[in-house]
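Structure first, then comments.
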There are 2 protein chains.
Amino acid sequence: MFEFKHFFRGAYSVNIGLITFKSGKLFLLLQQKEEYPSQNEIGLPGKIILPNEETEAALKKLMLELLGTNDFYRKQLNAFTAVNRHPLGRVACFSYYGLIPFQNIQKPLSSKLSWEPLNNIPNLCYDHNQIVEMILNRFRKGLLRHPRVFEFLPDQFTITDIITIYEQAFSTKIDASNFGKQILKSDLVMPTGAYRKDSGRPAKLYEFNKSAYIKKPKDKMHFNF
Amino acid sequence: MFEFKHFFRGAYSVNIGLITFKSGKLFLLLQQKEEYPSQNEIGLPGKIILPNEETEAALKKLMLELLGTNDFYRKQLNAFTAVNRHPLGRVACFSYYGLIPFQNIQKPLSSKLSWEPLNNIPNLCYDHNQIVEMILNRFRKGLLRHPRVFEFLPDQFTITDIITIYEQAFSTKIDASNFGKQILKSDLVMPTGAYRKDSGRPAKLYEFNKSAYIKKPKDKMHFNF
DNA sequence: CCAAAAGTGTTGATATTACACCCATGA
DNA sequence: TCATGGGTGTAATATCAACACTTTTGG
């Protein structure tokens with residue numbers, strides 16, 4: 001039988017899939033690993049958690065280091081715990097997904113970091129492709145069920161920005177006319193009075209109206225499947 | 001700085017919130033703890049994971065031991081990782097929630113186990129109340145967004161059974177007429193031809209039609225918030 | 001016949017969908 | 001003036017919610 005101390009042999013890590021929206025496209029933050037055993041492989045940003053460090057604290061520290069800010073939406077997903085997922089010993093990975101407006105990043109990206117298009121994720125180290133798959137699933141569900149778009153749009157955005165994000169996330173074509181009307185009707189979005197000029201007719205700029213969401217606690221009692 | 005080996009000091013545990021439906025009510029399985037430091041306290045069934053044991057394997061072993069079966073729906077939720085959540089050292093807890101038809105339990109319950117009404121959970125050891133809260137949230141969301149009811153109904157059930165579950169889970173009164181029609185329309189449910197007699201008019205017995213769900217992969221592209 | 005629980009029908013209100021159409025800009 | 005993207009209007013259809021009504025049992 002195992003002695004008591006033999007249960008205390010595992011390590012912990014945090015990894016995050018951070019998503020942003022930049023010049024009309026969705027991106028995931030990836031990091032080239034430096035340390036053995038996966039030098040030069042690509043993976044999700046992450047770190048080993050110190051023995052007395054809280055998971056959130058470790059994550060905040062990491063993000064501050066990498067991006068100069070740790071003030072963004074994030075949510076813990078599953079733990080990845082397979083005995084042999086890491087070659088150096090058992091390391092349980094606590095995975096997160098996060099959303100950040102591109103403009104909020106406070107530091108120039110280190111050369112080890114890169115934003116990869118969400119629809120074209122390369123092969124990653126360890127089980128990180130599996131983690132990314134889970135992250136993308138949750139990302140999509142979040143878009144459908146919560147006003148998560150606003151977590152990674154800039155302060156001011158157009159309805160077309162929103163539509164672009166949904167179209168990419170779901171690889172589908174949306175009827176802009178109807179979708180836009182739904183958003184407006186929801187009151188989640190308030191016109192700022194400003195406009196963005198590009199080509200064609202200038203687009204109204206909106207901002208997120210958080211209070212309109214807070215006052216809707218009621219989960220409707222009908223099947224949604 | 002930490003030496004490498006100092007990262008490998010943590011333990012892992014699995015805990016599960018198993019929900020069932022028995023004589024018209026929802027219950028959660030709880031276990032009286034035997035081992036130090038929480039003797040006689042109540043908590044979620046769980047165990048420490050062995051150094052070379054996969055998390056799922058540990059959970060399966062536990063459930064087989066407790067209930068005589070490990071064949072039921074379950075899903076991993078967050079990890080609970082606070083440094084001091086366990087008094088004997090850092091133990092990260094991988095939490096699950098599960099659903100089982102009461103009839104599928106193969107063993108008489110040990111005296112350490114009990115089914116507690118879902119709406120009246122007592123004070124639990126460690127951070128288990130917090131875990132239960134998360135489990136109940138996911139349980140409710142699962143009921144709204146997926147055909148999870150069928151995971152813990154018996155093979156044959158009535159529409160009223162379904163309605164009872166939803167009413168309890170959401171502490172609300174449902175219009176049985178409309179709700180029943182929605183269920184029927186969904187084709188998720190097929191009449192067996194049998195009836196259950198009780199008081200009043202006998203109720204048609206149905207069974208779950210899994211295939212009707214599988215062929216609906218399409219997440220509708222509209223806001224649901 | 002009555003009470004109780006199951007199940008059906010109807011209807012007005014609301015939401016969704018598919019488009020046609022108009023608007024404001026730069027080149 | 002045209003191309004381009006932004007934005008409004010409308011009408012057919014589908015869905016929802018409320019609730020009256022009917023059916024089938026046991027006592």
Side-chain angles (χ1 to χ4, degrees), chain A residues 21 23-25 143-145 149 153-154 156-168 170 172-207 212 216 218-225, chain B residues 21 23-25 143-145 149 153-154 156-168 170 172-207 212 216 218-225:
Chain A
F21 179 64
S23 23
K25 292 193 59 179
L143 285 178
L144 291 177
R145 320 217 242 242
V149 226
L153 280 167
Q156 302 207 356
F157 49 82
T158 67
I159 301 294
T160 305
D161 287 339
I162 300 179
I163 292 172
T164 307
I165 288 172
Y166 277 80
E167 290 192 331
Q168 287 182 36
F170 296 95
T172 184
K173 181 82 192 110
I174 291 172
D175 181 316
S177 158
N178 290 327
F179 200 80
K181 271 179 286 189
Q182 264 198 70
I183 294 167
L184 289 229
K185 200 178 49 182
S186 75
D187 280 325
L188 288 168
V189 121
M190 307 280 284
T192 62
Y195 286 80
R196 178 195 297 162
K197 293 193 183 190
D198 220 330
S199 60
R201 172 174 174 177
K204 254 188 187 148
L205 285 164
Y206 292 86
E207 53 192 13
K216 296 171 79 191
K218 191 173 153 31
D219 245 321
K220 285 206 300 174
M221 259 311 305
H222 69 81
F223 287 123
N224 192 235
F225 56 89
Chain B
F21 180 64
S23 22
K25 290 193 62 181
L143 286 177
L144 291 178
R145 321 218 240 241
V149 226
L153 280 166
Q156 302 208 353
F157 50 81
T158 67
I159 301 293
T160 306
D161 287 339
I162 300 179
I163 292 171
T164 307
I165 288 172
Y166 277 79
E167 290 192 331
Q168 285 183 36
F170 297 95
T172 185
K173 181 81 191 113
I174 291 173
D175 180 317
S177 158
N178 290 328
F179 200 79
K181 272 179 286 189
Q182 265 197 71
I183 294 167
L184 288 234
K185 201 179 45 182
S186 74
D187 279 324
L188 288 167
V189 121
M190 308 278 285
T192 62
Y195 287 79
R196 177 194 298 162
K197 294 191 181 189
D198 220 330
S199 59
R201 173 174 174 176
K204 256 190 186 144
L205 284 164
Y206 292 85
E207 53 192 12
K216 296 172 78 190
K218 193 172 150 33
D219 244 321
K220 287 205 299 173
M221 259 312 307
H222 69 79
F223 287 123
N224 192 236
F225 55 87

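Residue numbering restarts at 1 for every chain, and letters A, B, ... go by the order of the sequence lines.
- For A:D198, there are no side chain to side chain contact (heavy atoms under 4.5 Å, CB included) partners at least two apart in sequence or on another chain.
- Proximity of A:K185 to the phosphate of C:dT14: no side-chain N or O atom is located under 4.0 Å from OP1 or OP2.
- As a whole-Å value, the separation of B:I174 CD1 from D:dC16 C1' is 15 Å.
- Computed from coordinates, the B:L184 CG to C:dG9 C1' distance equals 14 Å when rounded to whole Å.
- With sequence neighbours excluded, no residue forms a salt bridge (Lys or Arg N to Asp or Glu O under 4.0 Å) with B:R201.
- Close to C:dC23, at under 4.0 Å from its OP1 or OP2, lies no side-chain N or O of A:K204.
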Worked check of side chain to side chain contact (heavy atoms under 4.5 Å, CB included) between B:L143 and B:F170: CA-CA 10 Å; B:L143 286 177; B:F170 297 95; 4.1 Å; yes
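- For the helix from C:dC1-D:dG27 to C:dA27-D:dT1, the terminal axes (five pairs an end, C1' atoms, rotation from four pairs onto the next four) enclose an angle of 10°, given to 10 degrees.
- Atom CD1 of B:I174 sits about 4.5 Å away from atom CZ of B:F179, to the nearest 0.5 Å.
- Using a 4.0 Å cut-off on heavy atoms, none of the residues of residues 156-165 of chain A approach DNA chain C.
- For B:F21, the ring pair (Phe, Tyr, Trp, His ring centres under 6.0 Å) criterion is met by no residue, not counting sequence neighbours.
- Residues meeting the ring pair (Phe, Tyr, Trp, His ring centres under 6.0 Å) test with A:F157, sequence neighbours left out: A:F150.
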Dump every N/O contact between nucleotides 18-20 of chain C and the protein below 3.5 Å, one line per pair.
residue: C:dA18; atom: N7; partner: A:N178; partner atom: ND2; Å: 2.7
residue: C:dA18; atom: N6; partner: A:N178; partner atom: OD1; Å: 3.2
residue: C:dC19; atom: N4; partner: A:S177; partner atom: OG; Å: 2.9

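- Residues B:M190 and B:Y206 have side chains not in contact (no heavy-atom distance under 4.5 Å, counting atoms from C-beta outward).
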Using a cut-off of under 3.5 Å, enumerate the N/O to N/O pairs linking the protein to nucleotides 25-27 of chain D.
none

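- Applying the side-chain hydrogen bond (donor to acceptor under 3.5 Å, both in side chains) criterion to A:K185, with sequence neighbours excluded, gives no partner residue.
- Regarding B:F179, its CZ atom lies at a distance of 14 Å from the C1' atom of D:dA17, rounded to whole Å.
- Side-chain contact between B:T160 and B:R196: absent, with no pair of heavy atoms (C-beta onward) separated by less than 4.5 Å.
- To the nearest angstrom, C1' of D:dA18 lies 14 Å from CD of B:Q182.
- Listed by chain and residue number, nothing satisfies the salt bridge (Lys or Arg N to Asp or Glu O under 4.0 Å) test with A:K197 (two or more places apart in sequence, or in another chain).
- Atom CD1 of B:I159 is separated from atom CD1 of B:I183 by 5.0 Å, given to the nearest 0.5 angstrom.
- Between the CZ atom of A:R196 and the P atom of C:dG26 there is a distance of 16 Å, rounded to whole Å.
- The OH atom of A:Y166 sits 6.5 Å away from the CG atom of A:L144 when rounded to the nearest 0.5 Å.
- Scanning for side chain to side chain contact (heavy atoms under 4.5 Å, CB included) contacts around A:Q156 gives A:T192, A:A194, A:L205, A:E207, with sequence neighbours left out.
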